[in-house]
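Let me begin by presenting the structure, written as structure tokens, before commenting on it.
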Number of protein chains: 2
Amino acid sequence: MTESESATVDLEIIVQGTQEGKKQELRLWLRMLSTTKLISQEIRRRLRNEFGATLPQFDLMAQLYRERDGLRLGELSKRTMVTNGNVTGLVERLETDGLVLRATPDGDRRVTVAKLTARGETLFSAMAAAHEGWLRDMMADVDPAIISELWQDIGAVKSSVSNHLSGADFD
Amino acid sequence: MTESESATVDLEIIVQGTQEGKKQELRLWLRMLSTTKLISQEIRRRLRNEFGATLPQFDLMAQLYRERDGLRLGELSKRTMVTNGNVTGLVERLETDGLVLRATPDGDRRVTVAKLTARGETLFSAMAAAHEGWLRDMMADVDPAIISELWQDIGAVKSSVSNHLSGADFD
DNA sequence: GAGCAACATTTGAAATGTCAAAGGTTTGCC
DNA sequence: GGCAAACCTTTGACATTTCAAATGTTGCTC
């Protein structure tokens, strides 16, 4: 934005501040939310149909795939943004399906570490490849430059939100 | 690394360490998802603490607030992007709390119409005002121009996604 | 006017989600 | 040594979520 445009911009800001512009954030949020829901539902449907897996299971396995030595449940909880109690159940079901193993390390018996089994790794590998393709397809009509820009700008939003949380949510 | 000091957890780890060019869409998706989760959790916490309400209840009431004559459950389902079966339970609980009323119109007895009660309208009105403020606060660090741009560009993403769904479902 | 397809909602099973409280373990400190 | 605080996970109650099947209604056709 050049300085030569500043007069126009000032006018726009005044108008925005007094009228329409008040709900920009709300409008953005609603669009983010509906878009995210739309994509989530599509991914969930495909994971189910093609792999018999759920989205939370996929998310959890993604974290374990990145840490081949396994992760403590609390760490899994943080990375997946899922509550502790929820992680317990998720891992439990994945263990029943033979995709994940649970173990308690010798050093600290408070801890449970979850780890992908060989079968889990194989399955996730296939799911991840498909998953990436689905996203490319879904966003096929969007200019790559826009995608990159969105990644940046949403990062700014995420930062701002992180700095304005009410709950005891800092470390 | 500015984000790393917050409690924000990156689901973006999946992409880490791979080549730059190829996974833009995946990278964007993961950031959208984690940001949306972050904001949702904050709003849910505040709705709970300050109004004793849940986020899906808020969403549903928002639709009814815009249509004072009420909406059929199927229409509510579409607008909130929630399945039919889910709407049944949500409306049921809201009715128990005296915030919503259910009625069957004379013309068509297949239909159930849900409508806000006076108490529901009052409560939602207060929640909506607070909700809007929370979003403004959370996004306070983001340039208004960026917010507007994001709204536009996410619209493009939503459009693209809508045109590439597998389930026969687009409008 | 009987039957059938289309429509709208509910129901039921299974999974995910939150929160708060309870259960073990470890650590630090006197 | 012993105790209390801190830590990690599980449990339990309840709300939300999906899907598929069942239920009830309407409208159309023959």
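Each chain gets a letter, A, B and so on, in the order the sequences are listed, and its residues count up from 1. Owing to the predicted nature of the structure, the values given are computational and were not obtained by experimental measurement.
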Q | Donor-acceptor pair, side chain of B:Glu75 and main chain of B:Arg72, under 3.5 angstrom | A | no
Q) Looking just at side-chain N and O atoms, do A:Arg27 and A:Gln24 make a donor-acceptor pair shorter than 3.5 Å? A) yes
**Q.** A:Asp69 CG: over 12 foreign heavy atoms closer than 6.0 Å
**A.** no
(Q) Measure NZ/B:Lys37 against P/C:dG17 and give the value in whole Å, please. (A) 6 Å
Q | Reported CD1-to-OG distance for the pair A:Ile146 and B:Ser160, which is rounded to 0.5 angstrom | A | 12.0 Å
Q.
Holding to side chain to side chain donor-acceptor pair (under 3.5 Å), I want the full list of residues that pass it with B:Thr35, two or more places apart in sequence or in another chain.
A. none
Q.
By the 4.0 Å heavy-atom rule, please label B:Thr54 as base, sugar-phosphate, or nothing.
A. sugar-phosphate
Q: Answer yes or no: is there a donor N or O on one side and an acceptor on the other, between the side chain of A:Thr117 and the main chain of A:Gly98, under 3.5 Å?
A: yes
Q | Connected hydrophobic set around A:Val113, excluding itself, where side chains approach under 4.5 Å | A | A:Val111
Q. Counting any heavy atom closer than 4.0 Å, what does A:Leu90 reach on the DNA or RNA strands: base, sugar-phosphate only, or nothing?
A. sugar-phosphate
**Q.** A:Tyr65: ring-ring contact (aromatic ring centres under 6.0 Å, His included) partners, not counting sequence neighbours
**A.** A:Phe124
**Q.** Shortest non-hydrogen contact from B:Asp137 toward A:His164
**A.** O-CG, 3.4 Å
Q.
Is there a path of hydrophobic side-chain contacts, each under 4.5 Å between heavy atoms of I/L/V/M/F/W/Y residues, joining B:Leu28 to A:Leu38?
A. yes
(Q) So B:Arg93, base contact, sugar-phosphate only, or nothing? Heavy-atom distance under 4.0 Å. (A) base
Q) What base-paired stems does DNA chain C take part in, with at least 3 consecutive Watson-Crick or G-U wobble pairs and both distances under 3.5 Å? A) C:1-30 with D:1-30
Q: Give the B/S/- string for nucleotides 1-13 of chain C, one per nucleotide from 5' to 3', where a protein heavy atom under 4.0 Å of the base yields B, of only the sugar-phosphate yields S, and otherwise -.
A: ------BSBBB--
Q | For chain B, the stretch of DNA chain D it reaches, first to last nucleotide, under 4.0 Å of its heavy atoms | A | D:dA15 to D:dT26
Q: Please report, rounded to the nearest Å, how far the C1' atom of C:dA15 is from the CG atom of A:Leu60.
A: 14 Å
Q | Shared hydrophobic cluster for A:Leu101 and A:Val91 (ILVMFWY, side-chain gaps under 4.5 Å) | A | no
